[in-house]
Amino acid sequence: MKADNIDLLFSQYYNEALLFTISLCRNRTVAEDIVSDAFFKALTLSDESIRDFKPWLLTVCRNEFISICRKNSRFTGEEIPEDLADDREEVIESIIRKEEYRSMYRAIELLPDTQRETVLLFYFSGLPIKTIAEVTGKSETNTKVLLCRARERLRKIMEEDR
């Protein structure tokens, strides 16, 4: 890809990719590295090899995270050693500045990984069900079920907070 195109795509999609990747690995430093690697891969590919950049970028970020988990079995995304863990509140505060999103994002953080990933891709990244299914490697029906269950769980979490 041309450097000018990457600059435009970087400014347009970096924050979304970073937020998505942080939701996967729960570590800002690791997430920044993963997103940077994904943009580097885009730079080395030709323009024709990427049809729809946003789903491609999120898929690359997800795959990079999975590769890291496989390479380093003690880093699973669920249990992070204390010395590697970022302060979650600081990460959330730096990315999501508007007050109305803070409580919702905290509730989303309480969802199981697959539901959280689906919600973030659908609502925050604006991807259709079909694309989410492709990014996550699940069927469209399974993706719809995950989204439905996530909504129900979010409703319960939000009601408990009131």
Side-chain angles (χ1 to χ4, degrees), residues 9-39 41-42 50-70 72 75-80 84-162:
L9 293 170
F10 185 86
S11 64
Q12 188 174 2
Y13 295 118
Y14 178 79
N15 285 336
E16 285 182 57
L18 183 62
L19 180 62
F20 173 67
T21 309
I22 287 172
S23 76
L24 294 176
C25 64
R26 298 182 182 148
N27 183 299
R28 185 182 181 104
T29 305
V30 173
E32 288 172 346
D33 289 343
I34 289 172
V35 174
S36 295
D37 289 345
F39 275 101
K41 285 182 181 185
I50 302 173
R51 291 184 182 165
D52 193 3
F53 187 77
K54 186 176 177 180
W56 177 88
L57 176 66
L58 296 176
T59 301
V60 170
C61 289
R62 183 177 187 273
N63 291 342
E64 285 292 314
F65 170 70
I66 291 169
S67 294
I68 288 171
C69 289
R70 287 182 181 149
N72 189 358
F75 180 74
T76 63
E78 294 176 5
E79 295 179 16
I80 300 172
L84 293 178
D86 282 342
D87 180 10
R88 283 193 189 173
E89 292 301 314
E90 182 180 316
V91 171
I92 292 169
E93 296 293 327
S94 68
I95 294 176
I96 304 173
R97 302 226 184 268
K98 295 182 178 179
E99 186 62 40
E100 63 266 14
Y101 289 128
R102 288 189 182 132
S103 62
M104 178 59 79
Y105 193 77
R106 287 185 186 113
I108 290 170
E109 279 292 307
L110 297 174
L111 293 174
D113 291 342
T114 54
Q115 290 179 2
R116 182 177 57 247
E117 181 179 28
T118 304
V119 165
L120 289 171
L121 290 171
F122 187 77
Y123 290 107
F124 288 84
S125 297
L127 296 179
I129 298 290
K130 182 178 181 178
T131 306
I132 295 170
E134 291 171 9
V135 169
T136 60
K138 301 197 181 317
S139 69
E140 287 184 49
T141 304
N142 192 355
T143 301
K144 289 177 185 177
V145 169
L146 283 170
L147 193 57
C148 181
R149 289 180 181 166
R151 287 179 190 135
E152 182 63 27
R153 194 161 189 167
L154 279 174
R155 184 184 60 78
K156 288 179 182 176
I157 292 169
M158 296 298 282
E159 285 175 357
E160 290 173 2
D161 285 346
R162 290 181 187 194

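Values below: all heavy atoms of this structure, side chains included; hydrogens, waters and symmetry mates excluded.
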Evaluation steps, side chain to side chain contact (heavy atoms under 4.5 Å, CB included), between Glu134 and Thr59: CA-CA 8 Å; Glu134 291 171 9; Thr59 301; over 6 Å; no
Side chain to side chain contact (heavy atoms under 4.5 Å, CB included) evaluation trace for Leu147 with Val119: CA-CA 6 Å; Leu147 193 57; Val119 165; 4.1 Å; yes
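For the atom pair CG of Leu154 and CD1 of Ile108, the computed distance is 5.5 Å after rounding to the nearest 0.5 Å. The SG atom of Cys25 lies 11.5 Å from the CD atom of Glu64; values are rounded to the nearest 0.5 Å. Between the CD1 atom of Ile34 and the OG1 atom of Thr21 there is a distance of 6.0 Å, given to the nearest 0.5 Å. To the nearest 0.5 Å, the span separating CG on Leu111 from OG on Ser23 amounts to 10.5 Å. Note that the CG atom of Asn142 and the OG1 atom of Thr118 stand 8.0 Å from one another [nearest 0.5 Å]. Atoms CD and CG, on Glu117 and Leu58 in that order, are 9.5 Å from each other to the nearest 0.5 Å.
The shortest side-chain heavy-atom distance between Leu57 and Phe39 falls under the 4.5 Å cut-off.
Here the closest heavy-atom approach between residue Glu109 and residue Arg116 is recorded as O-NH1, 3.5 Å. The minimum heavy-atom distance linking Leu24 with Phe65 is given by the pair O-CZ, 3.4 Å. Taking both residues in full, the closest heavy atoms of Lys138 and Leu146 are given as CD-CD1, 3.6 Å, listed atom of the first, atom of the second, then distance. Heavy atoms only, all atoms of each residue included: Val60 and Ala38 are closest at CG1-CB, 3.6 Å. Val30 and Ile68 make their closest contact through CG1-CD1, 4.1 Å (heavy atoms, listed as atom of the first residue, atom of the second, distance).
Note: Tyr13 and Phe53 have tilted aromatic rings, judged against thresholds of 30 and 60 degrees for the angle between ring planes.
Using a 4.0 Å cut-off between charged nitrogen and carboxylate oxygen, Lys144 and Glu140 do not count as a salt-bridge pair. A salt bridge links Glu152 with Arg155: the distance from a Lys NZ or Arg NE/NH1/NH2 to an Asp or Glu carboxylate oxygen falls below 4.0 Å. Looking at Arg28 and Glu32, a side-chain N of the basic residue comes within less than 4.0 Å of a carboxylate O on the acidic one, giving a salt bridge.
Asp52 contributes no side-chain N or O that, together with a main-chain N or O of Pro55, makes up a donor-acceptor pair within less than 3.5 Å. The closest donor-acceptor contact from the side chain of Arg149 to the backbone of Gln115 lies at 3.5 Å or more, if one exists at all.
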